[in-house]
Number of protein chains: 2
Amino acid sequence: MFAVSSIRELARRCGVSVATVSRVFNTPEVVSQQTRQLVLGMAAEIGYLPNESARTLATKKSNMVGLVWDTDHRRPGWRHPFLQDILVALKGALSAHGLHLLMLAPDPGAGPGDPRRFLRAVQRHNVDGVVIIDNGSRDPAVLALADAEVPCVALDLRFTGPTCTYITSDNAGGGRLAAAHLIERGHRHIATITGPAGNWPAAQRLAGFREALTEAGIPLADGDVVTGDFYLDSGHAAMTRLLERDPRPTAVFAAGDEMAVGAIKAIREAGLRVPDDVAVIGFDDIEVAALVPPGLTTVTQDKTGFGTAAAESLMAMLAGTATPPEPTTLPTTLILRGST
Amino acid sequence: MFAVSSIRELARRCGVSVATVSRVFNTPEVVSQQTRQLVLGMAAEIGYLPNESARTLATKKSNMVGLVWDTDHRRPGWRHPFLQDILVALKGALSAHGLHLLMLAPDPGAGPGDPRRFLRAVQRHNVDGVVIIDNGSRDPAVLALADAEVPCVALDLRFTGPTCTYITSDNAGGGRLAAAHLIERGHRHIATITGPAGNWPAAQRLAGFREALTEAGIPLADGDVVTGDFYLDSGHAAMTRLLERDPRPTAVFAAGDEMAVGAIKAIREAGLRVPDDVAVIGFDDIEVAALVPPGLTTVTQDKTGFGTAAAESLMAMLAGTATPPEPTTLPTTLILRGST
DNA sequence: CTGAAAGCGCTTACAG
DNA sequence: CTGAAAGCGCTTACAG
């Protein structure tokens, strides 16, 4: 589609060897000021750009990091609440280090359930490291990456190993924040809609929430803990059940904003008001939170932080430290809106 | 991080030449059934995977398509209404053809406003083609790709040229749909909140809307057309102005769902009801549309269609057709909810 | 149907 | 500070 001149062409025009040209781009401090300028000038003039494939072949480093996000072939409809924010931040932070993001599709040579389907893609493309955006399931294909000792950083997934680390929000702290806020608002009977059993962030949110309640001497009955799946409908269903309780809770903490919106819907459909009859607080601070009346009070996650922290952890591992960086915990904060 | 065996190793173990191994993977029909089986079996046994960098170097085809989406350095906060749906569909459709998606960051060697900042990344990585997700601005760095004759397919951006085509929704048809629906509901004074001047999809939506009104003999006063920027606040501001009109419109068509949600907010704040006092219809069918009470009636776009159509058009161009495929227009349909 | 050989565009010890 | 040369792992005419 266009002609790009090669290192040989550039070397010829400058009257130097290709080795020298290569050094100008890789170890400039080792070549004389004079030839460096000459080469750089000519490179700009003829529009020379080093060919990454050739570079990768020679060095075994591709300057590409793989992105694995949509890992579970059994859950195709799954949507991340703030994928776009993460991608923007991650892309920006990586490109500052000259790294590009390759979205890893399952290798076509592997079947849908093949645990090597991502690893194969990683190997073929010489990807330097991988960022994993978990979807809440434990996919063996993700674990296979760790086993192969690919540098990995996972988001919201407890992922450790000789070449693995992870980034997560302070979910327990966020749960505590939610409880403290409702308590401060005077509530003494508080229910919660939690995430699926086995979901780690959900468990942490619940743990922090429970802790703060206990510390305040407020009981949490088993019947006031209902499980959802993070989607709207489950929040609606859970709230419907909670409204049947007698006495009825005066406030509810949902472990995700979508479920919180579903809860608000159920409360309204029951002819009750938010926050007067039942207050609602969510988790995530997704876009809808600000849009749905009366405005959802929620615990916000540092969305951009996920991207930048992931890039930093990965950079550290690529720099070849002996041990992987410690997991990063991003702070959570309270956002007050109309629902509490 | 792991050892992957090379084609030489595989050839040695099979007692054939590397050329033969290469043919097994690239032109299997040309090698004898017998040696084919032998090679394939051994390949599986030792876990051989062809190295893509070496392949790219030899063939000048990388099996990677670039994704350019966040093109404008002056609008960092811009968010696409349904990026994730597009990405999932695009990734899936491309991987079926063995193609991977490389998210193109601006080349570090180029300045923020450099029109070659994406082209450079494309050249370095030997990207086979590019998908452009427009953000509504005309970025010279995007045009530079067309000038370089890189196979390009743009989304929602009129992008033509010897190696370019585009995918778009039937925006005019959608505008007509919206008008027809409101007319059918009995409205005779209908206003609209349109997108920024110069925005092509917005202009089309307005054109279709206007056409349908004209055909029905319903006038559209200049004062009933207010401009927004697709974000919530602009919809709110626009609606506030429309409510000051005398007589007040009984319905409004917003060229984007976020603006529609802003409009609903403004209507409520004015003490009026949706849809009884003012009906609202939006465009896009984003996630919030279903969540915000009373449910937003809207014109939906075929989000998955963008991804699959883009992949198909790109595949056609990569197959080396003489002329680029015709632009694709995706149908739009009406989704009825509570706001009309 | 198969092999030997050149070549893709780079990097990197090794000499000087 | 610089160059000649080998090598990274593949593909592809060219012979046979």
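The chains referred to below are lettered A, B, ... by the order of the sequence lines, with proteins before strands, and numbering in each begins at 1.
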Checklist line | Stepwise salt bridge (charged side-chain N to carboxylate O under 4.0 Å, His left out) check, D147(B) with R116(B) | finding: CA-CA 11 Å; D147(B) 289 341; R116(B) 298 177 68 82; over 6 Å; no
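Using a 4.0 Å cut-off, some side-chain N or O of R8(B) falls inside it from OP1 or OP2 of dC8(D). Checking the phosphate oxygens (OP1, OP2) of dT11(D), no side-chain nitrogen or oxygen of K61(B) falls inside 4.0 Å. Contact between the side-chain N/O atoms of T59(A) and the OP1/OP2 oxygens of dC8(D) is not found at any separation under 4.0 Å. Phosphate contact (OP1/OP2 of dG9(D), side-chain N/O of K60(A), threshold under 4.0 Å): present. Applying the 4.0 Å criterion to OP1 and OP2 of dC10(C), one finds that T56(A) has every side-chain N and O outside that range. The phosphate of dG3(C) (OP1 or OP2) has a side-chain N or O of S17(B) nearer than 4.0 angstrom. Between dT11(D) and S22(B), a contact under 4.0 Å exists linking OP1 or OP2 to a side-chain N or O.
We find that CG of L57(B) is positioned 12 Å from P of dC10(D), with the value rounded to whole Å. Going from atom CG of N26(B) over to atom P of dT12(D) covers 6 Å, rounded to whole Å. When the C1' atom of dG7(D) is taken as reference, atom CG of N51(B) falls 14 Å away, rounded to whole Å. When rounded to the nearest whole Å, the span between CD of E52(B) and C1' of dC8(C) equals 15 Å. Here the C1' atom of nucleotide dG7(C) and the CD1 atom of I7(A) are 16 Å apart, to the nearest Å. The interatomic distance linking L49(B) (CG) with dC10(D) (C1') rounds to 14 Å, in whole Å. To the nearest angstrom, P of dG3(D) lies 15 Å from CZ of R12(A). If you take CD of E29(B) and P of dC1(C), they are 10 Å apart, rounded to a whole angstrom.
Counting only heavy atoms from C-beta on, R55(B) has its side chain closest to dT11(D) among dT12(C), dT11(D), dT2(D). Here the nucleotide nearest the side chain of T20(B), chosen from dT11(D), dT2(D), dT2(C), is dT2(C). Proximity note for A54(B) (side chain, C-beta onward) versus dG9(D), dT2(C), dC10(C): the nearest is dG9(D). The side chain of R23(B) has dA4(C) as its nearest neighbour among dT11(C), dA4(C), dT11(D). Set against dT11(D), dT2(D), dG9(C), the side chain of A58(A) has dG9(C) as its closest nucleotide. Nearest to the side chain of V31(B), among dC10(C), dT2(C), dT2(D), sits dT2(C).
Screening V65(B), T165(B), T328(B) for a side chain to side chain contact (heavy atoms under 4.5 Å, CB included) involving V153(B) leaves a single residue, T165(B).
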Check: Could you write out DNA chain C as a dot-bracket string, with dots for unpaired bases, | for bases paired across to another strand, and Watson-Crick or G-U pairs counted at under 3.5 Å?
Finding: |||.||||||||.|||
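No contact: L10(A) has no heavy atom under 4.0 Å from any strand. Looking at heavy-atom distances under 4.0 Å, F25(A) makes no contact with the nucleic acid at all. At the heavy-atom level, T35(A) lies under 4.0 Å from the strands shown only through sugar-phosphate atoms. Across all strands, V21(B) comes closer than 4.0 Å to no nucleic acid atom at all (heavy-atom distances).
The structure places CG of L104(A) at 8.0 Å from CG of L67(A), a figure rounded to the nearest 0.5 Å.
Side-chain atoms of N126(A) and E52(B), non-hydrogen and from C-beta on, never get closer than 4.5 Å to each other. Between P28(B) and R23(B), the closest side-chain pair of non-hydrogen atoms is not below 4.5 Å. Under the 4.5 Å side-chain criterion, counting only non-hydrogen atoms from C-beta, D128(B) is not in contact with M64(B). For the pair K91(A)/H100(A), no side-chain contact is recorded, criterion being any heavy-atom separation below 4.5 Å from C-beta on. The closest side-chain heavy-atom distance from Y48(A) to I7(A) is below 4.5 Å.
Of the two residues near DNA chain C, V18(B) and Q33(B), the one whose nearest nucleotide lies more 5' is Q33(B). If S6(B) and G15(A) are placed on DNA chain D by their nearest nucleotide, the residue sitting closer to the 5' end is G15(A).
Judged by distance alone, with hydrogens and angles left aside, the side-chain atoms of S95(A) form no donor-acceptor pair with the main-chain N or O of G98(A) at under 3.5 Å.
Taking atom C1' in both dG16(C) and dT12(C), one finds a spacing of 16 Å when rounded to whole Å.
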